[in-house]
Amino acid sequence: MAGASIGQIVRRVSSTPGPEVDDKDVIGTVAILVPSSSTEQPPSEFGSKSPVPHPSYIEAAEQLARKIRHFSDGRVVVNVVTPPESGQDYGNDACLTSDALLVLGLATPSDIQYLSRTFRKRRTSKQRAASSSTCQFAINCGGNNYAPIVGPYDEANPSIIDSIPWTDAASGKRIAVQMAELFDKHSTDEFALAVMLFFDRFSGHNVPWVEHSIDVTWEKGPIKNAREIYAMISKCGPCIAKCLADENCKACITALDEIDTRDQVASYRTVVSFESELLRDFSLCILQKNNIFECDAAIPKLPVVTPLSEWRGKELTVDVARGVMIGHLEGVGEALEGSKQLDVSWKVTCGANVAYDQFPSQNQLFYPSAKGKDLWYDPVFRVETINGRNVWCKRHYRVRNGQVPGTFRFSVLDNGVTSDEFWTIVGAADDLSWVVFHYAGAAGAVGQRYLGGLLCTPDGQMPPTKDLDEIWKCLRSAEIEPWELFVVDNDDKSPGALAAGAPPLDYYRKTASVIS
């Protein structure tokens with residue numbers, strides 16, 4: 001790249017240290033093409049529900065690169081690039097050589113010309129090489145999508161093979177539609193998920209984040225689909241019959257059949273909209289006890305997050321870390337000085353996971369177990385169901401201390417499926433006015449992995465402006481940008497909150513805790 005302009009320098013985005021990935025373990029490359037920082041441009045559409053302004057396209061792309069690294073366990077290499085200066089062209093740049101080219105927000109005539117020329121060159125190279133491992137998308141580049149390519153499917157060159165459902169071309173077409181829908185949501189989680197779907201299907205390597213599916217799909221083939229259906233009936237017939245005979249449970253199964261359950265946003269909202277004992281028993285038998293779909297998932301190891309090491313000028317200890325978790329909950333002997341003695345430990349002000357952290361009215365209760373040194377964690381949150389109701393949902397986690405003070409292992413049975421999580425206290429105010437958590441989790445029985453972060457306060461309102469720089473620093477240390485957060489609606493006078501009624505905050509605690 002000698003002599004290249006600053007605008008065309010290719011950057012590999014830095015990230016926190018993690019497990020080293022050998023070059024032979026890399027399964028693919030991505031180039032994200034964005035407007036030059038010298039080009040006047042509107043902000044991106046990312047961060048529409050955050051407490052801070054929208055990021056620029058370059059800022060968004062740099063974070064997307066990190067998120068793709070997290071989702072791929074470091075096995076997908078991402079470069080963020082900008083168009084060359086007028087009159088310059090690079091025949092061997094990352095835009096031409098990467099397996100996937102994702103273009104964000106180009107608008108000027110010269111940038112659009114470069115986009116069109118690059119897409120044509122990639123299309124020609126794909127045809128010459130008869131390659132099925134290519135992907136290209138243009139996102140927010142005017143009203144034209146510039147005919148995406150996903151594997152052997154090329155929107156600009158439709159074929160009869162695209163309509164034969166068991167072919168790779170038809171699979172590419174289905175994934176192209178799904179990727180476009182995920183890109184349109186402008187969240188980093190869903191953007192990275194879309195990229196993982198492409199590499200899992202067309203790189204020749206499995207991507208653990210999306211490797212498993214509990215759906216009947218053409219990609220599985222008729223033999224595997226039939227084997228799974230037979231196993232469900234033979235091992236869980238009575239549970240299935242009871243579920244299908246119940247209007248609510250049947251409605252949930254029907255709704256899940258209409259989505260890709262690897263889309264955690266759609267699948268979790270569907271499940272919580274219809275949750276019941278019948279649905280729990282259905283899932284427990286098929287997914288957890290018998291693992292009909294042979295799923296597996298481990299807690300993500302990236303990003304590597306460092307816990308808070310000092311608090312109130314002293315080294316953080318296990319007992320103090322527990323006290324920070326317990327926060328402001330009344331009647332707990334382990335509460336720290338400064339506890340407001342409320343009916344909750346914390347309320348979630350903002351969260352970074354698009355599937356789990358944007359529910360309204362999020363209450364957290366941390367309290368000691370009646371036996372042993374464990375904690376219980378009861379999140380109580382309101383759900384606006386897909387059929388328009390407002391209901392309270394609650395979970396009951398067991399919390400164990402991690403090896404390092406400020407880290408914890410969580411486990412829960414959620415609608416018949418066990419989830420395991422690793423939580424980290426990233427930062428906390430000395431006066432307990434706010435706390436920042438990071439979590440990484442997995443639900444092995446459905447093959448799902450997830451990441452998230454939480455900013456919590458005693459009342460669920462944003463901390464004062466003077467504290468925000470320190471809070472944003474904490475979040476960035478966990479590789480979360482403030483614009484990725486979703487502000488939680490904690491208004492207890494809103495129509496939804498009034499319709500749901502009072503939250504069942506003591507549902508588990510009245511039998512599971514030691515109350516002073």
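Numbers for residues simply follow the sequence, beginning at 1. Every heavy atom of this structure was used, including side-chain atoms; hydrogens, water molecules and symmetry mates were not.
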- Query: With distance as the sole criterion, is a donor-acceptor pair present between the side chains of Tyr268 and Asp414 under 3.5 Å?
  - Reply: yes
- Might you point out which heavy atoms bring Ala442 and Ala297 nearest each other, and give the distance in Å? CB-O, 3.8 Å
- Message: On a heavy-atom basis, which atom in Ala61 and which in Val80 lie closest, and how many Å separate them?
- Response: O-CG2, 3.8 Å
- First locate atom CH2 of Trp472, then atom OG of Ser477, and finally report the distance between them rounded to the nearest 0.5 Å. 13.5 Å
- Query: Pro482 and Arg476: which non-hydrogen atoms are nearest, and at how many Å?
  - Reply: CD-NH2, 3.6 Å
- Query: Does a donor on one side chain and an acceptor on the other come within less than 3.5 Å for Gln136 and Tyr146?
  - Reply: no
- Basic-acidic side-chain contact under 4.0 Å: Lys220, Glu228: yes
- Look up atom CG in Leu115 and atom CG in Leu106, then write down how far apart they are to the nearest 0.5 Å. 5.5 Å
- Which heavy atom of Gly351 sits nearest a heavy atom of Asp357, and at what distance? CA-CB, 3.4 Å
- When you check the side-chain N and O atoms of His186 and Asn140, is any donor under 3.5 Å from an acceptor? yes
- side chain to side chain contact (heavy atoms under 4.5 Å, CB included) filter on Glu59, not counting sequence neighbours, yields Pro55, Ser56
- Query: In terms of ring plane angle, is the pair Phe410 and Trp423 parallel, tilted or perpendicular, where the classes change at 30° and 60°?
  - Reply: parallel
- Message: Taking salt bridge (Lys or Arg N to Asp or Glu O under 4.0 Å) as the cut-off, I'd like each qualifying pair that reaches into residues 164-192, sequence neighbours left out, listed once.
- Response: Lys67-Asp189, Asp168-Arg201, Arg174-Glu219, Lys185-Glu190, Lys185-Asp263
- Does Cys249 have any disulfide bond (SG atoms under 2.5 Å apart) partners at least two apart in sequence or in another chain, and if so, which? Cys243
- Heavy-atom closest pair (Pro360 atom, Glu384 atom, distance to 0.1 Å) is CG-OE2, 4.2 Å
- Mind checking the CZ-CD1 spacing from Arg123 to Ile149? Nearest 0.5 Å is all I need. 4.0 Å
- Summary of disulfide (SG to SG under 2.5 Å) pairs that have at least one residue in residues 165-206, sequence neighbours excluded: none
- With sequence neighbours left out, what residues match Phe422 under ring pair (Phe, Tyr, Trp, His ring centres under 6.0 Å)? none
- Item | Ionic contact status for Arg449 with Asp73, cut-off 4.0 Å | yes
- Message: Let me confirm one number: the CG-CE distance from Asn290 to Met232, rounded to the nearest 0.5 Å.
- Response: 11.0 Å
- Message: Any donor-acceptor pair under 3.5 Å linking the side-chain atoms of Gln362 with those of Asn490?
- Response: no
- Note on the structure: The complete set of side chain to side chain donor-acceptor pair (under 3.5 Å) pairs with one or both residues in residues 271-281, sequence neighbours excluded, reads Glu275-Arg395, Glu275-Asn415
- Going from CZ on Phe46 to OG1 on Thr188, what distance comes out if it is rounded to the nearest 0.5 angstrom? 7.5 Å
- Regarding Arg389 and Asn387, is there a side-chain donor-to-acceptor distance under 3.5 Å anywhere? yes
- Item | Under-2.5 Å SG separation for cysteines Cys285, Cys239 | no
- Check whether any side-chain N or O of Asp111 sits under 3.5 Å from a backbone N or O of Thr108 as a donor-acceptor pair, and report yes or no. no
- Within the side chain of Asn225, is there an N or O that forms a donor-acceptor pair under 3.5 Å with the backbone of Gly221? yes
- Anything under 30° is parallel, anything over 60° is perpendicular, the rest tilted; go ahead and classify Trp209 against Phe71. parallel
- Query: Is Ile161 atom CD1 crowded by more than 12 heavy atoms from other residues, nucleotides or ligands, each under 6.0 Å away?
  - Reply: no
- Can you tell me if His70 and Glu479 form a side-chain donor-acceptor pair at under 3.5 Å? yes
- Query: From Asn390 CG over to Thr385 OG1, what is the distance, rounded to the nearest 0.5 angstrom?
  - Reply: 7.5 Å
- Would you say Ser234's side chain and Ala231's backbone share a donor-acceptor pair under 3.5 angstrom? yes
- Flag, side chain of Thr29 to backbone of Asp99, donor-acceptor distance under 3.5 Å: yes
